[in-house]
Every structure is written in C-alpha cells, then in structure tokens.
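Every heavy atom of this structure was used, including side-chain atoms; hydrogens, water molecules and symmetry mates were not. Just so we're on the same page: letters track the sequence lines, and every chain starts at 1. Just so we're clear, the structure is a prediction, and the values are computed from it rather than from any experiment.
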Amino acid sequence: MIKFIGAALIVLATTWVGYELARVLRQRPRELRQLKSALQSLESEIMYGQTPLTEAAYKLAKQLPKPLSHFFESFAVKLSGGETTVKAAWETSLKLVWKQLSLKQGEYEILVQFGETLGQHDRLSQQKQIQLAMIHLEREESDALDRQNKYEKMMQSFGFLSGVLIIILLL
Amino acid sequence: MDTVFTLLPKKLEEQFRKIPLSMANKVEELRIRIGRPLEVIIEGRPTFLPYLVHDEDARQLLHHISKYSLYALEEELKRGYITVSGGHRVGLAGKVVLENGEVKAIRDVSSFNIRIARQKIGTAEKLIPSLYTDEWHHTIIIGAPQTGKTTLLRDIARIISTGCEKRNILPKKVGIVDERSEIAGSVRGVPQLDFGPRVDVLDGCPKVEGMMMLIRSMSPDVLIVDEIGRPEDTAAVLEAVNAGIKLMITAHGRTLADLKKRPYMAQILDQHIFERFIELNRNDKSGWGCTILDETGNALPKIGSVKE
C-alpha cells in the first residue's frame with residue numbers, strides 16, 4: 001500500500017516539475033509580447049503625447065498585466081521620488097521583478113541597455129532606440145517561440161515519464 | 001521659492017538653501033554655470049555662493065527640469081527656455097545644434113538662468129480709474145526692458161477678468177496671447193499665476209495668428225498682448241481693434257515720443273486708436289514711477305508712483 005502511495009507521489013512530483021518547465025517555456029514568448037506592446041505604447045506616448053516618463057510609466061503600469069505592471073509602477077515611483085537617474089531607477093525596478101519573469105539573460109541585457117537611453121535624447125532618436133530594442137526583442141521572441149514549439153510538449157511528457165522510470169527502477 | 005527648490009538636484013538645493021530667508025524672497029535670478037560658482041541675483045545685485053558647478057550637476061539639473069524626459073522638451077530646447085510650474089522661467093545656453101541652418105536644439109547645456117516669477121498682485125490697482133471709464137480703454141504700456149511692463153500687464157489682466165466691485169467694474173473675458181510664455185507662465189497650457197476666472201491663454205502662439213485665433217474662438221472682450229513692434233504685428237493689431245475688441249499691449253521704449261519714432265508703431269499710433277499710454281520708468285530710489293497719457297498725449301492727473 002505504502003509503495004503505491006509513494007509511487008503516486010513520485011509520479012505527481014515529476015509531472016508537476018515537467019509542467020512547470022513547460023510553463024516557463026510558454027510564459028516567455030507571452031511576456032516578450034507584452035513587453036513589445038509596452039514599448040509600442042511608450043513610443044506613442046513619447047512621439048505623439050510627449051508625455052514625461054513618470055506619467056508614461058504610470059499609464060503603462062495600468063495597461064499591462066501583472067509582473068510587468070509592477071515593473072513600470074516601481075519605475076514610476078522611483079522616478080517621481082527624485083534623486084536618482086533613469087538608468088538606476090530602470091535597473092533596480094527590473095531587478096525587483098526579474099525573479100517573477102520567465103525571461104532570460106539576453107532579454108535582461110536588452111532591457112538594461114534600453115533603459116540607459118531612455119529620456120536622454122530628442123524624440124526621433126528616442127524612437128530609434130525604442131525600435132532597436134523592439135528588433136532585439138523580436139529576435140528573442142522568435143527564439144522563444146521556437147523553443148516553446150520544440151520543448152513544451154516534451155517537457156510535459158518528460159516529467160510524467162521520468163516519474164514512471166524512477167518507479168520501475170525502484171520496484 | 002520652494003517651487004524652484006524642488007527643481008534642483010539635492011546638491012544645488014543645499015547650496016541655495018543657505019540664502020537667508022529674508023533675502024530669499026527678493027531673489028530675482030539663480031544662475032548656474034558649469035565650472036563657475038553659483039550666482040544669485042538679489043534686487044539687481046549679484047552674490048556668489050562658494051560652490052563650483054560640475055558637469056554632473058548641470059546634467060542632473062536638466063534631467064530634473066525635464067522630469068527625466070528630454071524628448072518632451074524639444075520645442076523648449078529650440079527656443080532656449082523652459083517654463084516650469086510656478087511660472088518660473090529657466091533660460092538655457094550651451095552648444096547649439098543646427099539643422100539646415102536652423103537651430104534644432106541646445107545640446108550640452110552649460111548655463112542655466114532660473115528667473116523667479118513673482119506675481120505682484122495689486123500693482124495695477126491704482127491705475128484702474130485712468131484705464132476704465134464705462135469701458136476699458138485701448139492701452140499701450142511703454143517701458144524699457146526690466147521696468148515691469150509685463151508685471152503690470154499681468155495685473156491688469158487679472159483685474160479685468162476679476163472685475164472690481166468697489167468701482168463697479170464687471171468682470172470681462174480676457175484673451176492672452178502669450179508668445180513667450182511670459183505673461184501667464186503656462187505649464188501644459190494652464191496658467192500658473194493668478195488671473196481670476198475669465199482668462200483664456202494661447203500659450204507659445206505667435207502674436208499675429210494668436211490674436212486672430214482668439215478672436216474667432218474665444219470671443220474675448222479684452223486682448224492682452226506683449227511686445228508689439230514687428231512689421232506683421234501692425235496689421236494684426238489694426239485687425240483686432242476693428243473687430244471691436246479692447247487691446248492692452250506693451251511696447252519697448254521710454255516715452256510715447258520714442259514710440260512715435262519707430263516706423264511700425266507710428267503706423268499704429270497714426271490711426272489714433274489707443275486712448276491711454278502708460279509710461280513706465282524704474283529708478284533705484286522710489287521703485288517704479290509711471291505717467292499716464294490720454295489719446296492726445298497729455299498727461300492725466302498724477303496718481304502717484306506705484307511702489308513695489
């Protein structure tokens with residue numbers, strides 16, 4: 001009896017791990033898409049509204065779903081607090097939410113680099129910076145989608161099957 | 001002053017906070033130049049604070065003023081000054097970037113001049129009986145730079161839009177064309193100074209177009225315009241006057257006679273539209289003095305000098 005319960009627990013645990021890994025794979029392209037749309041809104045705020053960064057960030061925080069909204073909110077709060085630079089506020093906010101995001105180091109670098117240019121230029125160069133960041137993110141997105149297609153299903157079955165393997169070995 | 005201090009990065013703020021409170025209320029300008037000590041101008045006299053400004057201070061100051069968004073200041077960087085909340089003006093100088101021979105922006109700003117806006121409510125109060133008899137008169141305020149033309153004009157605008165119960169003057173609709181954001185000191189189109197309820201401001205709009213725009217769109221009773229004197233202004237002024245609107249304008253010069261010598265102003269004056277001329281002069285001892293002339297150029301009974 002105990003054997004069965006143990007076996008069931010093992011299978012449950014490994015399946016769960018598999019699903020979790022698959023979720024990360026699924027989550028990454030979604031977050032990248034949200035990030036891209038955030039940059040797009042930022043672009044229109046800058047180009048047409050000439051909205052100051054703080055306000056723009058508050059607006060973005062309202063539009064976006066959760067982990068990203070926290071990012072923009074903390075960015076806006078830090079900026080309006082003063083006594084900081086855009087770069088520092090952007091980077092610390094990014095670090096704050098990074099754990100909750102499924103994004104990778106590559107995206108981190110892109111975002112940090114983008115943060116350095118924010119608010120430092122006139123409108124046209126600002127737009128160019130945004131578009132540059134968008135292109136980088138797009139590349140990451142297609143990579144993320146690729147990985148999702150390849151590995152998502154595999155991870156799910158891999159979890160379950162590895163559980164079964166452990167049980168067979170133990171029996 | 002507090003609205004100014006919030007603009008400054010901490011380091012600079014600390015320095016300026018050292019100005020004693022009794023003096024702080026008289027500060028006219030704060031000047032910040034890279035590599036040179038901070039300068040404070042109090043009642044026309046410069047005082048230096050022992051603090052050398054670094055590149056970093058200047059950069060931070062610019063970011064503070066722009067709220068970290070230089071892109072939002074494109075137009076301002078082209079004109080060379082920024083109006084900030086409180087109506088203060090920050091003048092900029094530094095390396096200018098050109099595009100097709102036109103100024104595109106000031107990059108590498110190295111000098112800042114923060115001009116403190118201080119509305120002197122009530123300066124025009126004494127002049128009102130001369131400017132209003134049953135209706136407002138077309139008025140030109142004449143004065144050399146720094147004599148307080150704009151200050152006076154601003155207060156007149158305030159009185160017109162608030163009205164004056166004592167003298168039985170009803171509030172009138174006032175339109176202000178504020179080409180250099182100097183009269184109303186608007187931030188995002190909202191005047192930062194007290195103007196009473198019936199004021200509409202076209203901020204940063206060229207005078208000629210602005211006057212016509214306001215007449216068409218806001219039906220003002222009185223139009224307030226600063227610094228008339230360019231050739232194209234003449235036509236606009238005549239147009240407005242004939243549209244049945246009262247005009248209050250300022251012009252550079254010391255006396256009415258001076259004004260008559262300026263070709264474009266002479267054209268306006270020849271039409272005998274303006275009924276009141278306020279000649280402003282500033283002397284060190286008694287503050288401001290002014291003489292009001294009627295349409296024929298004769299002085300109206302003296303009402304005394306307007307002291308600060």
Would you say [atom1] of [X] has more than 12 non-hydrogen atoms from neighbouring residues, nucleotides or ligands within 6.0 angstrom?
X: A:Phe160; atom1: CZ; result: no
X: A:Leu170; atom1: CG; result: yes
X: A:Met154; atom1: CE; result: yes
X: B:Lys26; atom1: NZ; result: no

Rounded distance (nearest 0.5 Å) linking atom CG of B:Leu70 with atom CD1 of A:Ile46: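 Here the interatomic distance stands at 11.0 Å.
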I'd like a table of all donor-acceptor pairs linking chain B to chain A (distance under 3.5 Å, no angle check), giving the atom names and the distance to one decimal.
from	atom 1	to	atom 2	distance (Å)
B:Lys10	N	A:Glu83	OE2	3.2
B:Tyr68	OH	A:Thr84	O	3.1
B:Ser69	OG	A:Leu53	N	2.7
B:Leu70	N	A:Gly119	O	3.2
B:Tyr71	N	A:His121	O	3.2
B:Tyr71	OH	A:Thr51	O	2.8
B:Tyr71	OH	A:Leu53	N	3.4
B:Glu74	OE2	A:Arg123	N	2.6
B:Lys104	NZ	A:Asp122	OD2	3.3

